[in-house]
Amino acid sequence: MRTPFVVGNWKLHKTVAEAQALVTELKNQLGAIRDVAVGVAPPFTALWPVARRLEDSTIALAAQNCFWEDKGAWTGEVAPGMLADVGCTWTIIGHSERRTHFGETDATVGKRVAAALRAGLGVIGCVGETDAQRDAGQTFAVVDAHLDGILAAAPKDWDKLVIAYEPVWAIGTGRTATPAQAQEVHAHIRGRLRARLGDAAAAAIRIQYGGSVKASNAETLLKEPDIDGALVGGASLDAAEFVAIVKAARPK
Ligand code: PGA
């Protein structure tokens, strides 16, 4: 039995004051919900103040990325131990925006995953194909390559790894995968997890869907048997929308 996991990826949004206000609102509205795991991924600058607000909450704190070294001459990077130090228990790694705009590769993703797990963080590893790759029939091959990059450092504790399937063509476009399209890829990912890591891992590892998830489409997506939660971008910036998505993830 996998506990659904819904995470808000705030991307490059929210000042400290705005982040504190949003997370306070989420705490107030989600306090009673125990059957869905919830997380937020604010920008680095808001992690510490948001962590303080979350001290008496079950909402988990995630970073949006982390580096693969613990310290040294790496201007502009943030180490996983530093993220744990300010209260993060999760980090997103390999988001398509990192791959597209910042040269992230399957090899660098693997190094980041290994470092994050070493520091005790849980990892939300992102996979997903572009429009052109889907049209060319390469969806499974692309997803497999991304997944193998993440699994180069697979943890022993399956609860510490979450895979987010985020078709690039659905991110921030308002164009969501249909529940059937998403389920097809999620089932494929679970099959590959089974082949690589065995039955127990495949049964335990949660696979989130991401890409234009909104309150209005969450319910039908989250009903699919292999969709175990959502990684939510734009809609997570609004408390009412995000709360409605979390409620849609509750086991029926
Ligand atoms: P979106 O982003 O919900 O705004 O499409 C999802 C993501 O990139 O994690």
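Each ligand, and each atom within it, is numbered from 1 in the order the structure gives.
Looking at Val168 and Asp131, their side chains never come closer than 4.5 Å, going by heavy atoms from C-beta outward. Two residues are said to be in side-chain contact when any heavy atoms from C-beta on lie closer than 4.5 Å; Val162 and Val7 fail this criterion.
Asp144 and His188 form a side-chain donor-acceptor contact under 3.5 Å, judged by distance and modelled atom types alone. Side-chain atoms of His95 and Glu166 form a donor-acceptor pair, as typed in the model, at a separation below 3.5 Å.
In this structure, the side chain of Lys14 engages the main chain of Leu237 through a donor-acceptor pair within 3.5 Å.
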Report task. Decide salt bridge (charged side-chain N to carboxylate O under 4.0 Å, His left out) for Asp106 and Arg99; before the verdict, give the C-alpha distance in whole Å, the side-chain angles of both, and the deciding distance to 0.1 Å. Result -> CA-CA 9 Å; Asp106 294 328; Arg99 295 177 190 266; 2.8 Å; yes
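Annotation for ligand 1: atoms under 4.0 Å from non-hydrogen atoms of Gly172 are 1 (P), 4 (O), 5 (O). The His95 neighbourhood of ligand 1 comprises atoms 7 (C), 8 (O), 9 (O), with distances under 4.0 Å to a heavy atom of that residue. Ligand-side atoms of ligand 1 in range of Asn9: 9 (O), range being under 4.0 angstrom from any heavy atom.
Backbone and side-chain nitrogen or oxygen atoms of Gly211 are examined, and none is located within less than 3.5 angstrom of a nitrogen or oxygen of ligand 1.
Residues Ser212 and Gly174 approach most closely at OG-N, 2.8 Å, considering heavy atoms. In terms of heavy-atom proximity, Pro42 sits nearest to Leu47 at CD-CD2, 3.8 Å.
Atom 3 (O) of ligand 1 has its closest protein heavy atom at Gly233 N, 2.9 Å. Nearest to atom 4 (O) of ligand 1 among the protein's heavy atoms is Gly234 N, 2.8 Å. From the protein, the heavy atom lying nearest to atom 2 (O) of ligand 1 is Lys11 NZ, 3.2 Å. Of the protein's heavy atoms, Glu166 OE2, 2.7 Å lies nearest to atom 9 (O) of ligand 1.
Ligand 1 lies less than 4.0 angstrom from a heavy atom belonging to Ala170. Under a 4.0 angstrom heavy-atom cut-off, Ala235 registers as lying outside contact with ligand 1. At least one heavy atom of Ser212 sits under 4.0 Å from some atom of ligand 1.
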